[in-house]
Amino acid sequence: MASERYNAPAREKHWQGVWEAAQVFKTKADAAGPKCYVLEMFPYPSGRIHVGHSRNYTMGDVFARYKRAKGFNVLHPMGWDAFGMPAENAAMERKVHPGRWTYENIEVMRGQLKSMGLSIDWSREIATCSPDYYRHQQRLFLDLLRQGLAYRKSSKVNWDRVDNTVLANEQVIDGRGWRSGALVETRELTQWFFRITQYGEELLAALDGLDQWPEKVRLMQANWIGRSQGLSIRFVLDAATAPAGLDEVEVYTTRPDTLFGASFLAVAPDHPLAKAAAAQNPDLSAFCEECRHLGTSVADLESAEKKGFDTGIRVRHPFDPSWLLPVWVANFVLMDYGTGAIFGCPAGDQRDLDFARKYGLPVKPVILPPGADAATFEVGAEAHDGTGVMINSDFLDGMAPEAAFEAVASRLETTMLAGAPVGARKVNFRLRDWGISRQRYWGCPIPVIHCGDCGVVPVPVGDLPVELPEDATFDLPGNPLDRHPTWKHVDCPSCGKLAMRETDTMDTFVDSSWYFVRFTAPHADEPVDLEAARAWLPVDQYIGGIEHAILHLLYSRFFFRAISDAGHGAHDLREPFAALFTQGMVTHETYFRPSTAVGEKPLWLSPDEIELEGDGATRVARNAKTGEAVIIGPVEKMSKSKKNVVDLDAFVAEYGADTARWFVLSDSPPERDVLYTDVGVEGARRFVQRVWRFVDEIAQRVPDKSPMPESFSAAALDLRKASHKALHTTGRTIEGLRFNVAVAGLYEFANVLGSALQPRNSAEDLDWALREAAELLAHMIAPMMPHLAEECWARLGYNTLIANEAWPEAEPALLVDDALTIAVQVNGKRRGELKIDRTATNEQIEAAALSLDTVIRALEGRPVKKVIVVPQRIVNVVG
RNA sequence: GCGGACGUGGUGGAAUGGUAGACACACGGGACUUAAAAUCCCGAGGCCUCACAGCCGUGUGGGUUCGACUCCCACCGUCCGCACCA
């Protein structure tokens, strides 16, 4: 009987049907085994899934399936991050309602995910745009509002004029909107905020406990939170120069030790002192105005010169009232960090130095760098902010900067001025409160009502959800909710008078800040079913892209705490994600036609529009339709915008899901990018067929599993050892998410199996070992190529599902070798090897090593000084 | 500027401080075939050699160690994050 090729696309559909019919992946709350919550960051339903997206889900699925096999009760859900701008943009461009566009995409993408054979409990599916979801989010908002964790304030915000909405600080990348890429402008608006700063300290401190998170992500978050310890110092204004009504200014510094090096104060253009002074001085007023218009983009900031304007105001030095310092307005001082005012120490800060040099302000060194001569030391072009000894600093002279910090802090803390200390230790954060108002339609409505008499009135819980009106119009820019004729006009729940609904919706990052909680009980009446949350949280393994290192992951850590503190907590759990893995992307070459007009965007072409000729450096690409020459662009992450995507449906139809899964796991370490190539895919496809051929052949040769033979020949034993070792390493590497190594191990095992199949003669013990190898191979590939595994399992005569089978335990005796080959080094250089019994003593090994010809030759007659024997590994002869 | 990661054959990469280059791709040779596809076998870091042996090799230079891709220091390069945060 000749082997048939394995028809992956057809068989995969079959097995998916079987799994679904048997509800194999539906999570049972009462199932035995420890819980394991495996989650991949849920997708935005943008249209279609391509091979690039599939890597994330494949990794999660391999882990989830492995954990299931290991006896864990696994929760592995999937949902849709379904609110967001693209839906609204589609509405504007194609005149289709955002809801319809979104749900149609979900339909398509759900089918695509299912075609990958993911072990997902689809009964828990969530779409954040569904009122069933967002009514709970509105409830959470109201609870945060009650707790004072949500509030409204007028502030400067980042305005994206392309998307016509506000952006949070975290959503501004290099001065541009994270989605639109438009240069962000500053606007003053009244907005809703979440008080994430209240958790700054905790969010920072708790990073230490996240030992299963990548160090990189923890660092990025720590930097983002940006805690700094310093001193807040009150400077008294010189009465002769002070504007009316103002008599002091507060300055924040992290370097109070350099206080004697102060040569000026600088305040932000929006600082009250600047405004007061500007009111008297038209030139200063003009300068402040100019500052406001500068500095919205990174490019501006980089090129922007340090500019200042002397207000004429003078302040007294805290340690010497007769020492007057000028107060300048400076364009580089930020109003919303610290106190919006600094003291400048040019010797110790590069910016202050540049500023001082430009405006001829004094530069007095206060820290003598190690090795410098006090008599001759002068500040040159570079400020010194490092270590050294304090000089020119009165009572601080001779101290280290750290000690001087303490000395200044404790002295100013106890110096009283008008009944309060002059100085106070203060911790500052770079983190700002999270602005969540978005002037868009396709988001979760903020459930409050503005009443002329009662002010901001929360929508009563019984009136939730505040649903989006279906009949909004999308033909104009701006917020469709705001211009809807009736939606916003409601009665005040408090006094009954006509009032106005809030027309802003929530940032979609709110939606994704708690979906993992909702998955634990997606149909509960309360937002969070405490029992389910306690049973399942935290997420044991979270998998997603590094691009969320700050945004989503910081918001979620905050929001989980905030809702816990508002009564929706699971025990005293504070961190939602116990382990995080950030996977690399699938990349692909790009192709484009050179554009004719200057500055015009390239005209991207997708890989299936391309014909490639030649190889290596001589490859040329042509447009398959027109034959026109096409430029091969750089390799980039697969993305719709550059068209360098491979559609999942087409791929699965041709190669099958298992090939896609195997390919995206192969070669590259999972945290690094993997390059999509046709030859790489061919390699994966070949392996699928190879596994099938082997199992098929073994099933023919050994149709039934007979009792285990009493003894095994050397060949059979070697095969058994290879099988069990492969089983062991496959498990270990999957556990550690080192999928590329797991894949390599399975290739290696397949090579061994292929060799073992070569002798066509049948022997009882070898047959038994072959069958064992085939069965174990089916188990080993099951997490990665689940359909093929089922096919193999069935071919071996089982009528159970391998998805329901336990991961076999490797026999410990088969994991060790009795005869070892160990390397022998002379002075650290490999000179030979030694075949030796595993139980040989160190003395025996040493003697054997020293008698090797190669060792004797390498020693060249020198006496042996020392022999290091590392049992079962290596011998090093030192001579 | 600050912080971090990384640097291994033609390529992707492997290697608890212990035989560097597993495994795969590409490549070369061979088997099977009328032929092709598919499949299977063999080879392969560099230098020198008919071969054996030998020498050199994990960005560069030092260090620690019996032993370093791995740990430490400095430098070079690439990538990422933050960026007027006082």
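Chain letters run A, B, ... following the sequence lines, proteins first, then strands; residues in each count from 1.
Distance noted for atom P between B:U16 and B:U49: 37 Å (whole Å). Taking atom C1' on both nucleotides, B:A22 is separated from B:A37 by 30 Å, rounded to a whole Å. With C1' as the reference atom, B:G62 and B:G12 are 32 Å apart, rounded to whole Å. Taking the P atoms as reference points, B:A74 lies 12 Å from B:G3, given to the whole Å. Rounded to the nearest Å, the gap between the C1' atom of B:U70 and that of B:G21 is 15 Å. Comparing B:G13 with B:G18, their P atoms sit 22 Å apart, to the nearest whole Å. A distance of about 33 Å separates the C1' atoms of B:A86 and B:C76, rounded to the whole Å.
The side chain of A:Arg5 places no N or O atom within less than 4.0 Å of a non-bridging phosphate oxygen (OP1 or OP2) of B:U39. The phosphate of B:A68 has neither OP1 nor OP2 within less than 4.0 Å of any side-chain N or O from A:Lys829. An OP1 or OP2 oxygen of B:C25 is reached within less than 4.0 angstrom by a side-chain nitrogen or oxygen of A:Arg686.
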* To do: State the dot-bracket string of RNA chain B. Criteria: Watson-Crick or G-U wobble, both atom distances under 3.5 angstrom; notation: ( ) intrastrand, [ ] crossing earlier pairs, | interstrand, . unpaired.
  => (((((((..(((.....[....))).(((((.......))))).(((......)))..(((((..]....))))))))))))....

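Listed in residue order, the members of residues 249-256 of chain A having a heavy atom less than 4.0 Å from RNA chain B are A:Tyr252, A:Thr253, A:Thr254, A:Arg255.
Counting any heavy atom pair closer than 4.0 Å across all strands shown, A:Val867 reaches no nucleic acid atom. At a threshold of 4.0 angstrom between heavy atoms, the contacts of A:Arg831 are confined to the sugar-phosphate backbone, with no base atom among them.
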* Structure fact -> Expected string for nucleotides 18-23 of chain B under the B/S/- scheme (protein heavy atoms, under 4.0 Å, primed atoms plus P, OP1, OP2 as sugar-phosphate) is BB--BS

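Nucleotide B:G67 carries an anti base; the chi torsion (O4'-C1'-N9-C4 or O4'-C1'-N1-C2) is more than 90° from 0.
Contact check on A:Lys725 versus A:Asp817 returns a salt bridge, with a Lys/Arg side-chain nitrogen under 4.0 Å from an Asp/Glu carboxylate oxygen. The pair A:Glu250-A:Arg234 does not count as a salt bridge, with every side-chain nitrogen at least 4.0 angstrom from each carboxylate oxygen.
In the model, A:Asn876 has no side-chain atom that pairs as donor or acceptor with a side-chain atom of A:Arg831 under 3.5 Å.
Taking the ring pair (Phe, Tyr, Trp, His ring centres under 6.0 Å) definition, one finds that A:His552 meets it with A:Tyr542, A:His548, sequence neighbours left out. In terms of the side-chain contact (heavy atoms from CB on, under 4.5 Å) criterion, residue partners of A:Ala404 (sequence neighbours excluded) are, by chain and number, A:Asp257, A:Met390, A:Leu396, A:Met399.
Judged by a 6.0 Å distance limit and a 45° cone about the ring axis, A:Arg430 is positioned over the six-membered ring of A:Trp224.
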Pick out the pairs of N or O atoms, protein on one side and nucleotides 5-8 of chain B on the other, that lie under 3.5 Å.
none

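For the pair A:Leu219 CG and B:C2 C1', the computed distance is 12 Å after rounding to whole Å.
Ring to ring, A:Phe687 and A:Tyr747 are close: their centroids are under 6.0 angstrom apart. For A:Tyr676 and A:Phe663, the gap between ring centers is short of 6.0 Å.
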